[in-house]
Amino acid sequence: MKQHIADLIQQAIDALKTAGEFDADLVANIQIDNTRDKQHGDLACNVALTLAKVARRKPRDIAELICSQLPASKSVTKTQIAGPGFINFFISQDATQAIIGKVLTDADQFGRNNSGAGHKVQVEFVSANPTGPLHVGHGRGAAYGASVSNLLEASGYDVEREYYVNDAGRQMNILAASVWLRYLQQAEEEITFPSNGYQGAYVNDIAKHLRTQVGDRLKHSAPEVMSRLHADAPEGDKEKHIDDLIERAQSLLGQADYSLVFNAGLNSIRDDIEQDLHGFGVDFQHWFSERSLDQGDQINRAIAKLQEQGHVYEDGGALWFRSTAFGDDKDRVVKRDNGQTTYFASDIAYHLNKFERGMDTVINVWGADHHGYITRVKAALQALGIDPERLVVKLVQFAILYRGNERVPMSTRSGSFVTLRELREEVGKDASRFFYVTRKAEQHMDFDLELAKSESKDNPVYYIQYAHARICTLIRKLAEQNMAWDSVMGLEQLEKLSEPAEISLMQQIQLYPEVIAHAAYNHEPHQVAHYLKDLAGHFHSYYNAHRMVIDDVQLRNARMCLCMAARQVMDNGLTLLGVDAPEHM
RNA sequence: GCGCCCUUAGCUCAGUUGGAUAGAGCAACGGCUUUCUAAGCCGUGGGUCGAGGGUUCGAAUCCUUCAGGGCGUACCA
């Protein structure tokens, strides 16, 4: 409809150019907006205001010229010039009612578009270290990334969802040491668990499982393990202590058995995360291993590539990437003086890899604490000859957890945290998925567990699901009373839908495709959440004001068509957000 | 110090890329069910859009200065 109105205005402007009223080279940016106030009609155009300057005429005069040349359209019942020079359009009921047929025909395809056709985009999200279960802080990134991916798919993009598994590096070694020490404790060795180890109960579980598989084969005596170590905190240095323990584990176990312990920890947690996310309605096409970069020598290759371009220099025995040449505050080390490559070097190789896989655009969903990395990663891409605009980083602010008024502390290391699984079990997948994407990502968010857990009307997801379930009940009710309804007959009777509540519900339905397009373009799933709440509100008002199970067969068919169209849109929208559309509540 | 994000009703937040009189939900108050799910509907009150300045027909939105809050500023991962 907007396009149709824009075409009419363009025709009018062209006619005015021919008539010599406007310069032939005048270019009008025609923008059609939904009106806020229905007194201003249904759609409004501000072109007269924007043209005022270049055409050197008063806005209202331009609006009158345009209106005088506007071709007639059966969709438009009235136009008016209002305010400083807006042209307002009143849309005919026929044109509005036509949306119902479109929704019922397109069904689950309604609202989708093809603007991203032929475009490959990767969305990388969550990517939490596999050193423990996901906690609620990861939930927001998971919900956001999944919904953005769904929105992009609905806009025709070829989307790949990817999880970057940080399975290399010191944290993983700390996990391996933690697993082994718990294993030794279970084998009745007197081991004092390190303060810097992973304290969570899940480490015990992994150790237990490991022991059922290999028995006491990995056992060493406590004195062997604990002698001649740097002291632990508080007297000593907890970092040195844990590093010594890692070394001790590696030397006592040997490479093969150390890997066994290491992989037991990694695989168990990785599998747990995958299942957890699956239960959260989040599935990935690829789990990309950081270690695979090293094994394929991709890190050294990436550094060499930077070196070829002359962006790397040596200083103090280390290799530095000259990121300051691309707007960074300081240069960054890619290879340390001890010969090890840095995490940043892995990131360069990883991002190079993403684009070498043929992605047109890469979207990274990062926690807000990573914002300092954006500049350096983009710098590296630019140095590698890749347009940094092709990398889009979306920062997701932390959700601060509350139980009522009590703030919940979160730390993976201490083991005292609320896991995503707990949240899912207590609050439910639907409410938590919806709650997370109700706020825009860069907003700080207070997540009150008490509120989210309470199945009360305060929880907006129920409001929408309830609307959906109510419509499903209508269908059952009609069947019970042997009152058939027929969509083909209903679509022929749409002119009977002229109540204000019916018109405004249809108008709300009509907005859906542009909401999806807009939300996808801006990576803002919260727009869908707010839209659905409004749609449900329109439906509830309608439902309270009018009855659908009625004897008048024509009106009944028409109203049921409208209800079914509303149901379809709720279903489509909820699906994009990963929320179920229930038939009963 | 420097950098990024945020600041809108008592609370939690929207605000369609610069449009008309800034909107929801919650909380408060008053109504609506012999009839399709009251997890609902209808109504009432509530604002210096953090502050100042600028850009223009027009600013919550863009530019600038300042204040407040959060985060980041490793040869850690």
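Quick note on labels: first sequence line is chain A, next is B, and so on, each numbered from 1.
Donor-acceptor pairing under 3.5 Å, judged by distance alone, is absent between the side chain of A:Tyr463 and the base of B:A38. Looking at A:His371, its side chain has no donor and acceptor atom pair within 3.5 Å of the base of B:C5. Within 3.5 Å, no donor on the side chain of A:Asp167 pairs with an acceptor on the base of B:A77, nor the reverse. No donor-acceptor contact under 3.5 Å links the side chain of A:Tyr543 to the base of B:C42.
For RNA chain B, the residues of residues 329-345 of chain A within the heavy-atom distance limit of 4.0 Å (strictly under) are A:Lys330, A:Val333, A:Arg336, A:Asp337, A:Tyr343, sorted by number.
Put simply, A:His370 does not rest on the base of B:G72: the two rings are not both less than 5.5 Å apart at their centres and under 30° in tilt. A distance cut-off of 5.5 Å between ring centres, combined with a plane angle under 30°, places A:Phe86 in a stacking arrangement with the base of B:A20.
Electrostatic pairing of A:Lys58 and A:Glu64 does not count as a salt bridge here, judged by no charged N lying under 4.0 Å from a carboxylate O. Between A:Glu514 and A:Lys2, at least one side-chain N (NZ, or NE/NH1/NH2) sits under 4.0 Å from a carboxylate O, which counts as a salt bridge.
With B:A39, B:C42, B:A77 as the choices, the nucleotide that has an atom nearest any side-chain atom of A:Ser541 turns out to be B:C42. Of the candidates B:G15, B:U12, B:U21, B:G15 carries the atom nearest the A:Gln527 side chain, counting heavy atoms from C-beta on.
A close approach under 4.0 Å does not occur between any side-chain nitrogen or oxygen of A:Lys440 and OP1 or OP2 of B:C5. A close approach under 4.0 Å does occur between a side-chain nitrogen or oxygen of A:His526 and OP1 or OP2 of B:G15. Dashed line: the shortest gap from a side-chain N or O of A:Arg476 to OP1 or OP2 of B:U37 is not under 4.0 Å.
A distance of about 14 Å separates the P atoms of B:G54 and B:U61, rounded to the whole Å. Taking atom C1' in both B:U7 and B:G15, one finds a spacing of 15 Å when rounded to whole Å. Taking the P atoms as reference points, B:U73 lies 14 Å from B:A77, given to the whole Å.
Stacking of A:Arg376 on the aromatic ring of A:Tyr373 is recorded, both the 6.0 Å distance cut-off and the 45° axial limit being met.
Using a 3.5 Å distance cut-off with no hydrogens or angles, the side chains of A:Thr131 and A:Asn129 do not pair a donor with an acceptor.
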The contact string for nucleotides 57-63 of chain B, one letter per nucleotide 5' to 3', using protein heavy atoms under 4.0 Å with B, S and - for base, sugar-phosphate only and none, comes out as B------
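No contact: A:Asn166 has no heavy atom under 4.0 Å from any strand. A:His468 comes within 4.0 angstrom of no nucleic acid atom, judged by non-hydrogen atoms across all strands. Across all strands, A:Ala469 comes closer than 4.0 Å to base atoms (heavy-atom distances). Among the heavy atoms of the strands, none lies under 4.0 Å from A:Asp243. Residue A:Tyr521 is in base contact, counting any heavy-atom pair closer than 4.0 Å across all strands shown.
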Writing each nucleotide of RNA chain B 5' to 3' as (, ), [, ], | or . by Watson-Crick or G-U pairing under 3.5 Å yields (((((((..((((.....[...)))).(((((.......))))).....(((((..]....))))))))))))....
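Taking the O4'-C1'-N9-C4 or O4'-C1'-N1-C2 dihedral as appropriate, B:U34 has a value more than 90° from 0 and is therefore anti.
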Exercise. Run the numbers on A:His40 and A:Asn88 for side-chain hydrogen bond (donor to acceptor under 3.5 Å, both in side chains), then give the verdict.
Key: CA-CA 6 Å; A:His40 298 136; A:Asn88 294 333; 5.4 Å; no
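Within the 4.5 Å cutoff, side-chain heavy atoms of A:Tyr466 are placed close to those of A:His540.
Applying the ring-ring contact (aromatic ring centres under 6.0 Å, His included) test to A:Phe344 and every residue at least two apart in sequence or in another chain returns nothing. Qualifying ring-ring contact (aromatic ring centres under 6.0 Å, His included) partners for A:Tyr164, counting only residues two or more places apart in sequence or in other chains: A:Tyr350.
The stretch residues 331-342 of chain A participates, sequence neighbours left out, in these salt bridge (charged side-chain N to carboxylate O under 4.0 Å, His left out) pairs: A:Asp328-A:Arg332.
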